[in-house]
Amino acid sequence: MRSKVESLLLPLTVAVGFICGWHLAVRWSGTDIFPTPKEVVLGTVELARKGVLIKYIVASLFRVSAGYLLAVFIGIPAGLLMGWFGRARMAFNPALQVLRPISPIAWIPVAILWFGVSDLAPIFLIFLASLFPITTSAMAAVQNIQINYIRAARNFGITGLELFRKVVFPAALPQILTGLRLALGVAWLVVVAAEMISVNSGLGYLIIDARNAGKRYDLVVAGMAMIGLIGLGLDWLVRRMETLDEVRWGLSGR
Amino acid sequence: MTRSTAAKIAVRGIWMTFPPMERTQPGIIVLEDINLEVADGELICIVGPSGCGKSTLLNIAGGFLEATSGEIRIDGLPVAGPDPRHIFIFQESSVFPWLTVEDNVGFGVKRSDPAERKRVVDHYIEMVGLTGFGKAFPRELSGGMKQRVEIARAFAAEPDVLFMDEPFGALDYLTRMKLRSELTQIWQRERKTVLFVTHDVEEAVQLSDRVVVMGKRPSRIRDLVTVDVPRPRDLDNPVCRHLRDHIFRVMGLDHSGQSIERPGAADGTDLGEGSQTVLIRKAGG
């Protein structure tokens, strides 16, 4: 019980301390550009009243979902095949490993060239950003499968596609899920960056627009806070999936 | 049929050479001319020091490895790969952690009728004493219970041959004792042909009809010891004790684990005390 109270109380204390420190720092420095916590809350309320807050959140979430899901549907099968077939891995893995360290941000000019200022550009960037961690983790997951599971399944006469469905995929699932969680975090980072440049809605756009259109730093910080909170929510959702019995066996910290 | 034989499993002239670490060196001979016949419904243990190739032999019989030369026939047919009629039980549990105990045990069940399936699954869960744990996941079970699931899953596939590769090797002493006696009971009821690899000489004496004793690499069969003692077997039974000491000697160790350097000790002819010879019947080899 003590640890449960503590796990709430400790971070809450830190948050309160941080907000107080922030408030005092703004007051003592005498700045009239950087907002106090109270001004940020008022700014958020203002955005909510005008209806732009929900609109921008939906726009950002839509782009993330589209690009991310596309990456899931392509990356998982591709990773499974590359993990299973040595030839496929030999052929595609080097290309994957060269593309992987290129920051999605570096793709922004290319995305604008190909897709113009539209929803497609950020969706493409999110797709790219999510694809590499998802594919790589699915591939590694298959390579790490305990050989005894495969041998036992073969012994029971399971082969081909059935082997994939009944053994390879479920055995790889915990590590695939770890990749999915990583990729979602990256996708959320990238959408904000992409929106700052190539579209005119979304939380990234809100931040850059508030800055450009009148130095409204209360709205800039409000946008940042929303991004943090939604990122936390997304991570929580994936963590919920990690408690399922089908994957819990393969994840540490049960 | 090229050969008329009553043997369920016939191992003929098996040689196994593994490629060397460095190209300049010769390959490592692991198995050297292994010959063995196993009767239907017989329980045979293969013992030997670690690294002697006993597991390799079992893997060849299970269809997971190909011998360098020689062949193994089961029911007169050469082994060509893993076969649902011959189930392999692994040392580290290969129970699927994403499936419940029930689904694991049902994994290899061939019946398609759901009611019939359930009956088979329940029967084998009960057989290994896991009734009530059907909905549990493997991570909620102890090591011994997981190995019970593995055994139930193997039997539920209704194979006629079981290959067991040190199935109790990773368990604590008490659990091992218990599972050994349970396996004896199950085997007496089901009468499958079992090839059981172990490094535990007492385990071999307690379980088997015959014990195949293998020596250090390259492994040949050093002796084939018949254990003619009614089950359940008490290891304190003098016959069991003598057989155990005999097997130790054949393996080149005395009872306390010290190496025996005397020539002749290793081939199983020098038994020290003359009275033991009566109890040991050498069969083939």
Side-chain angles (χ1 to χ4, degrees), chain A residues 76-77 79-80 83-86 137-181 238-254, chain B residues 55 58-65 79-111 135-141 146-147 149-159 161-167 170:
Chain A
I76 292 180
L80 290 177
W84 188 252
F85 297 107
S137 73
M139 180 176 77
V142 173
Q143 288 180 275
N144 291 342
I145 294 176
Q146 251 194 61
I147 188 71
N148 277 357
Y149 298 152
I150 307 291
R151 287 174 32 144
R154 287 220 163 109
N155 200 173
F156 287 111
I158 308 287
T159 54
L161 221 56
E162 203 187 4
L163 183 69
F164 247 78
R165 189 172 58 80
K166 281 190 162 172
V167 179
V168 175
F169 183 69
L173 198 56
Q175 212 183 328
I176 290 177
L177 206 61
T178 306
L180 289 181
R181 192 171 139 213
V238 187
R239 271 179 190 278
R240 295 290 303 164
M241 294 210 293
E242 289 182 349
T243 61
L244 297 174
D245 278 319
E246 282 73 15
V247 295
R248 250 171 90 182
W249 61 270
L251 299 163
S252 50
R254 40 200 62 170
Chain B
S55 263
L58 202 67
N59 274 287
I60 295 169
F64 292 110
L65 273 178
V79 171
D83 187 320
R85 286 170 304 174
H86 318 139
I87 296 294
F88 202 102
I89 293 179
F90 301 90
Q91 176 180 6
E92 304 105 50
S93 167
S94 71
V95 165
F96 302 124
W98 56 89
L99 296 178
T100 59
V101 169
E102 247 172 36
D103 291 341
N104 262 293
V105 175
F107 193 86
V109 176
K110 287 162 216 134
R111 325 284 181 97
K135 304 281 182 214
F137 279 88
R139 74 183 150 76
E140 297 162 314
L141 306 178
K146 266 188 245 181
Q147 214 55 340
V149 176
E150 175 115 9
I151 290 167
R153 186 178 68 179
F155 275 93
E158 300 175 281
V161 176
L162 283 167
F163 299 113
M164 307 179 88
D165 188 6
E166 303 200 32

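Below, chains carry the letters A, B, ... as their sequence lines are ordered, and counting in each starts from 1. Remember, predicted model here, so these are calculated numbers, not experimental data.
- At a heavy-atom separation below 4.5 angstrom, chain B is approached by A:Gln146, A:Asn148 within residues 139-148 of chain A.
- Across every non-hydrogen atom of B:Ser94 and A:Tyr149, the tightest pair is O-CD2, 3.6 Å.
- When the shell of 6.0 Å around NZ of B:Lys110 is examined, it contains more than 12 heavy atoms from other residues, nucleotides or ligands.
- Using a 4.5 Å cut-off on side-chain heavy atoms (C-beta onward), B:Asp83 and A:Phe156 make no contact.
- With a 4.5 angstrom heavy-atom cutoff, B:Phe64 touches chain A only via side-chain atoms.
- For the atom pair CG (B:Asp103) and NZ (A:Lys166), the distance works out to 10.0 Å, reported to the nearest 0.5 Å.
- Neither the backbone nor the side chain of B:Thr100 comes within contact range of chain A; no heavy atoms are under 4.5 Å apart.
- Aromatic rings from A:Trp249 and B:Phe96 are positioned such that their centres are separated by 6.0 Å or more.
- Residues of residues 238-247 of chain A lying within less than 4.5 angstrom of chain B, judged on heavy atoms, are A:Asp245, A:Glu246 in numerical order.
- Within the 3.5 Å criterion, the main-chain N or O of B:Pro82 finds no donor-acceptor partner in the side chain of A:Asn155.
- A cation-pi arrangement is present between A:Arg151 and B:Phe88, with the terminal nitrogen or guanidinium carbon under 6.0 Å from the aromatic centre and inside a 45° cone about the axis.
- Only the side chain of B:Asn59 has a heavy atom closer than 4.5 Å to any heavy atom of chain A.
- Interface residue B:Arg153: backbone and side-chain heavy atoms are both found under 4.5 Å from chain A.
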